[in-house]
Amino acid sequence: MTLHLDDLRVRHLGECRYDSPLSAMLAAKRTSPHYVAEGDRVLLEDTVSMLAEHGLSPHDLPSFEAAGPRRKIYFDPARVTAGIVTCGGLCPGLNDVIRGLVQELTVQYDVKRIVGFRNGLRGLTARHRDDTIELTPDRVRDIHNAGGTILGSSRGAQDAEEMVDSLLLRGINVLFVIGGDGGMNAATNLAAAIRARGLDIAVIGVPKTIDNDLPYTDQSFGFQSAFAQAANFISSVSIEAAASPDGIGIVKLMGRHSGFIACYASLARNAADIVLIPEVPFALEGEDGLLARVERHVRSKGFVVIVVAEGAGQDLLAERGLLEGNATDASGNAKLGDIGGLLRETITAHLTAAGLAPTVRYIDPSYAIRSVTANAYDSVYCLRLAHAAVHAAMAGRTETAVVRWRRRFVHVPMPLIISHRNQVDPDGDLWMSVLEATGHLVHDPAPHRPLLVER
Ligand SMILES: Nc1ncnc2c1ncn2[C@@H]1O[C@H](COP(=O)(O)OP(=O)(O)OP(=O)(O)O)[C@@H](O)[C@H]1O
Ligand SMILES: O=P(O)(O)OC[C@H]1O[C@](O)(CO)[C@@H](O)[C@@H]1O
Ligand SMILES: [Mg+2]
């Protein structure tokens, strides 16, 4: 998709007429290598060839509005009531973001009232809108020491008009939605309903996803903490597999449509022999198929370690009638089949038929990787995203997500965040690193992507 400058402009509620409490500090600031001034923009692309292709002057190149405080703001902080909601699956750092939002709103902008909606967008429905948490600096002081979200979360559909009514009834002018693709979709619909009614309510998204599958963001917050935890399970399984005759270690990791956790966790330990992700189809049978490859590893090395993303090989499950048709969860996300189980069974059967006596160690750490506390890096990241989100809201941006893009914090129009899915590029350098680390390129140089099968 080719994007132009106009596609990257974010919506403003109106003219910024109030002096920001941070204006004196900002007056002296100019763009430097370490600071992007408020009027400056951050380029969408960062290679010479991509930029040259546009043939445009720097001012006309596709670029994002820089995040950060403005000297003039849209809302009078004394009249602001903020709302916060977390939706979808958990990921590390949710509490850090909540805490950062509350601290920034109260300490820097002196906002007096912050309402936490419970249990995801369900908390904005008529039935639940009064069951909220008053968020104060005291209430959030220690929440970053635990994983999960103190607000709770949920899946399931809600009516946008009903949610707007809730915002009006609770007097919310600024809503922060911390969510994944579903949450950003819902926030976009909510913002559209607010706009249609001509209301003065800002909706700011803080994109969140354990799968790292949202575009226009370097990496999702919490992702690093989650893949570090996943890497521990890979270590455990590889120790077990190595200590068993004909040992087979399999770790199934989250990653519905994107195999980022599988790739990064595998690279972190560099112990995986085979990595299977949704983006790269593979065959079980045949000389280049998975079963033959597993057998070669076991015969040459004595054991094999396989890391598989939960969304990999769904076509193989469908072929075997092991998928529940069009089954979806409450939010409309497709329900996946158990690729880990299929691998365990087919590998055991294949190796046994080949005269080996496999010992299979299979771990599905599942929720254990996304419920952890954010590590120090992610905590910093979450705090800075929260700061950026508060500045964006106070400056009257709406239908806008705050993200880090090429190491800078920027504003992205929400529709772009849900325009497509971020996936591992089979031609990109991340997958190349995985192939290098697993020895595919050295041991099997013939097919460029050894486990990729044209179907
Ligand atoms: N297409 C959509 N339009 C409107 N609302 C949606 C849409 N998809 C999901 N939602 C709502 O957004 C909320 C969160 O969605 P979902 O459960 O898919 O999680 P998510 O935000 O994508 O997070 P994650 O993918 O990290 O689990 C749910 O309440 C769901 O009903
Ligand atoms: O069981 P739940 O809560 O639906 O979550 C599972 C899914 O949520 C995610 O963590 C994020 O969408 C996926 O990786 C996983 O498939
Ligand atoms: Mg999602």
Side-chain angles (χ1 to χ4, degrees), residues 1-16 30-33 35-70 72 74 177 179-196 202-209 212-220 257-258 260 279 385 388-389 391-393 395-430:
M1 180 168 54
T2 306
L3 291 175
H4 304 283
L5 183 53
D6 282 341
D7 302 319
L8 305 179
R9 294 193 197 282
V10 296
R11 281 198 64 231
H12 296 215
L13 287 172
E15 189 194 340
C16 290
R30 301 277 173 275
T31 288
S32 79
Y35 176 75
V36 186
E38 61 179 273
D40 207 345
R41 296 184 66 90
V42 173
L43 290 174
L44 170 68
E45 290 145 343
D46 69 352
T47 65
V48 171
S49 62
M50 284 193 289
L51 293 175
E53 210 170 287
H54 290 286
L56 295 170
S57 81
H59 289 287
D60 297 324
L61 285 168
S63 58
F64 294 114
E65 180 174 76
R70 266 60 190 166
K72 291 275 186 189
Y74 179 74
V177 181
D181 55 336
M184 292 301 113
N185 247 306
T188 307
N189 293 347
L190 182 62
I194 289 170
R195 181 154 36 102
V203 180
I204 298 296
V206 185
K208 164 241 49 156
T209 140
N212 196 40
D213 59 358
L214 292 174
Y216 306 110
T217 174
D218 289 343
Q219 216 165 52
S220 310
H257 305 283
S258 305
F260 288 103
E279 296 88 335
L385 279 171
H391 296 316
R397 300 319 189 253
T398 191
E399 288 182 59
T400 297
V402 291
V403 305
R404 186 156 63 186
W405 181 246
R406 308 202 188 288
R407 294 181 48 250
R408 312 272 192 196
F409 289 89
V410 301
H411 295 163
V412 179
M414 241 179 224
L416 275 189
I417 294 284
I418 48 175
S419 61
H420 63 280
R421 193 172 274 135
N422 186 32
Q423 289 193 295
V424 177
D425 179 356
D427 288 315
D429 58 10
L430 173 61

**Request:** Please report the shortest heavy-atom distance between N422 and N212, naming the atom on each side.
**Result:** ND2-O, 3.0 Å
**Request:** Check the pair L3 / Y216 against side chain to side chain contact (heavy atoms under 4.5 Å, CB included), numbers first and verdict last.
**Result:** CA-CA 12 Å; L3 291 175; Y216 306 110; 3.1 Å; yes
**Request:** Please check if the side chain of T400 supplies one atom and the backbone of T398 the other of a donor-acceptor pair under 3.5 Å.
**Result:** yes
**Request:** Determine yes or no for a side-chain-to-main-chain donor-acceptor pair under 3.5 angstrom, with D7 supplying the side chain and H4 the backbone.
**Result:** yes
**Prompt:** How far apart are the closest heavy atoms of L385 and R404, and which atoms are they?
**Reply:** CD2-N, 4.3 Å
**Asked** How would you list, by chain and number, every residue that makes a salt bridge (charged side-chain N to carboxylate O under 4.0 Å, His left out) with D429, sequence neighbours excluded?
**Response** none
**Prompt:** What closest approach, in Å, do E45 and P62 show between heavy atoms, and which atom pair accounts for it?
**Reply:** OE1-CG, 4.2 Å
**Request:** Assess whether side chain to side chain contact (heavy atoms under 4.5 Å, CB included) is satisfied between I417 and V403, documenting all intermediate values.
**Result:** CA-CA 10 Å; I417 294 284; V403 305; 3.9 Å; yes
**Message:** Please check: side-chain N/O of T217 versus main-chain N/O of S220, any donor-acceptor pairing under 3.5 Å?
**Reply:** no
**Minimal non-hydrogen separation, A392 against H411, with atom names** = CB-NE2, 3.5 Å
**Message:** side chain to side chain contact (heavy atoms under 4.5 Å, CB included) for H391 and E38? Distances and angles first, verdict last.
**Reply:** CA-CA 11 Å; H391 296 316; E38 61 179 273; over 6 Å; no
**Message:** Whether the side chain of R41 engages the backbone of S63 through a donor-acceptor N/O pair (distance < 3.5 Å, no angle test) should be reported.
**Reply:** yes
**Item:** Expected output: side-chain Q423 to main-chain H257 donor-acceptor under 3.5 Å
**Value:** yes
**Request:** Supply the atom-to-atom distance R195 CZ to L13 CG, rounded to the nearest 0.5 angstrom.
**Result:** 10.5 Å
**Request:** State, with a plain yes or no, whether a side-chain heavy atom of F260 is found less than 4.5 Å away from one of D213.
**Result:** no
**Request:** Using the side chain to side chain contact (heavy atoms under 4.5 Å, CB included) rule, take L61 and L51 through it: C-alpha gap first, then chi angles, then the decisive distance, then the call.
**Result:** CA-CA 8 Å; L61 285 168; L51 293 175; 3.9 Å; yes
**Nearest non-hydrogen partners of K72 and C16, listed with the distance** = O-CB, 3.4 Å
**Asked** What's the shortest heavy-atom distance between A393 and A202, and which atoms?
**Response** O-CB, 4.4 Å
**Message:** Could you measure the distance from the NE2 atom of H420 to the CG atom of L214? Nearest 0.5 Å is fine.
**Reply:** 10.0 Å
**Item:** Spatial distance of atom CG (D181) from atom CG (N185) [nearest 0.5 Å]
**Value:** 7.0 Å
**Side-chain (D218) to main-chain (R407) donor-acceptor, under 3.5 angstrom** = yes
**Separation between NE2 of H54 and CG of L44, rounded to the nearest 0.5 Å** = 7.0 Å
